[in-house]
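Residue numbers count from 1 along this sequence. Keep in mind it's a predicted model, so treat the numbers as computed, not measured.
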Amino acid sequence: MSESKWIMEKKLHNVRLKLMGRKIQDFSLDSLTHLILKECDNEGLTFSWSFVEGACVLNIRNIHHDDWEINKRLYYNTPLFETYNVEAIQVKVLKNTFLLIKDARVLKDNEASSENITKKEKTIIISGDKPTPKHIRDALDMLKAKGVPDEEITPEAIRNHLPTGKMSTSQVMECNKYLKQMMEASP
């Protein structure tokens, strides 16, 4: 991972930490944009939207370095998004990228863990014949602990919950390859 990418992921992580635990009442695009932009500004970040090849892309840029950017995508040309409008898709991208939930929950009180994942759920997340990487299992546990419904657990949501700042390059590559296989295998 390049230094600029690592710094951007660290800044994104800092914004997520500041937003964590906040009880958000209004999940409208205007309200979320105002809240998130304020926290991004404290980290020297800004963001913009683009729509390319059936995906809504959130472009997060460093205001001090023109070429430092990370992109978070959500593919909306899937059956899950048949009835969503552009604003709803943008809200979904913000929620996935910044790990926003309606209710603040204490993780230790939630019983979801890798031991409690049922056999049915394991078949959903297995990609090919390779075992699920530990970091992906941990990200799934975090999503389950937050109470995210199964139908909203997408490869992008999993990717957003990976601790990339604490992972080696080979671990990041392994997880990305696994998530790509998941996307290709999904109907």
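Side-chain polar atoms of D67 and S4 form no donor-acceptor pair below 3.5 angstrom.
Looking only at side-chain heavy atoms (C-beta outward), F51 and V86 come within less than 4.5 Å of each other. Side-chain contact between E9 and I70: present, with at least one pair of heavy atoms (C-beta onward) separated by less than 4.5 Å. Residues I7 and H65 fail the side-chain proximity criterion, which asks for heavy atoms closer than 4.5 Å. Side-chain contact between I24 and L32 is present, with at least one heavy-atom pair separated by less than 4.5 Å. When side chains are defined from C-beta on, T97 counts as touching I60, because their heavy atoms get closer than 4.5 Å. Using a 4.5 Å heavy-atom cutoff, the side chains of L12 and F98 are in contact. By the 4.5 Å heavy-atom criterion applied to side chains, F47 and L94 are counted as neighbours. Side-chain contact between L140 and I158: present, with at least one pair of heavy atoms (C-beta onward) separated by less than 4.5 Å.
Note that CD of E43 is 10.5 Å distant from CE of M8, once rounded to the nearest 0.5 Å. Atom CG of residue N59 and atom CH2 of residue W49 lie 9.5 Å apart, to the nearest 0.5 angstrom. Note that CD1 of I36 is 13.5 Å distant from NZ of K18, once rounded to the nearest 0.5 Å. Going from atom CG of N160 over to atom CZ of R16 covers 5.0 Å, rounded to the nearest 0.5 Å. Note that CE of M142 and CG of L162 are 9.0 Å apart. Values are rounded to the nearest 0.5 Å.
Ion pairing between R159 and E156 holds under the 4.0 Å rule for side-chain N and carboxylate O. Between D138 and K134 there is a salt bridge, since at least one side-chain N of the basic residue sits less than 4.0 Å from a carboxylate O of the acidic one.
Taking hydrophobic clusters as Ile, Leu, Val, Met, Phe, Trp and Tyr residues chained together by side-chain heavy-atom distances below 4.5 Å, V15 shares a cluster with L74. Each of M167 and M173 belongs to its own hydrophobic cluster when Ile, Leu, Val, Met, Phe, Trp and Tyr are linked at side-chain heavy-atom distances under 4.5 angstrom. Hydrophobic clustering keeps F27 apart from L99 (ILVMFWY residues linked when any side-chain heavy atoms are closer than 4.5 Å, directly or through intermediates). Residues L37 and L45 are members of one and the same hydrophobic cluster, defined by side-chain heavy-atom contacts under 4.5 angstrom among Ile, Leu, Val, Met, Phe, Trp and Tyr. Connection of Y178 to L143 is established within a shared hydrophobic cluster, with ILVMFWY side chains joined at heavy-atom distances below 4.5 Å, either directly or through further cluster members.
For H34, the NE2 atom counts as loosely surrounded, since its 6.0 Å shell holds 12 or fewer non-hydrogen atoms of other residues, nucleotides or ligands.
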Practice problem: Report the C-alpha distance between Y75 and T154 in whole Å, list the side-chain angles of each, state the deciding distance to 0.1 Å, and finish with yes or no for side-chain contact (heavy atoms from CB on, under 4.5 Å). | Solution: CA-CA 10 Å; Y75 291 93; T154 63; over 6 Å; no
Practice problem: Please report the C-alpha distance between T33 and Q90 in whole Å, then the side-chain angles of each, then the deciding distance to 0.1 Å, and finally whether the side-chain contact (heavy atoms from CB on, under 4.5 Å) criterion is met. | Solution: CA-CA 10 Å; T33 301; Q90 289 175 308; over 6 Å; no
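Sorted by first and then second residue, the salt bridge (Lys or Arg N to Asp or Glu O under 4.0 Å) pairs with a member in residues 29-42 read R22-E39; sequence neighbours excluded.
In this structure, V52 belongs to a hydrophobic cluster whose other members, linked by side-chain heavy atoms under 4.5 Å apart, are V57.
The nearest pair of heavy atoms linking C56 to I89 is CB-CG2, 3.6 Å.
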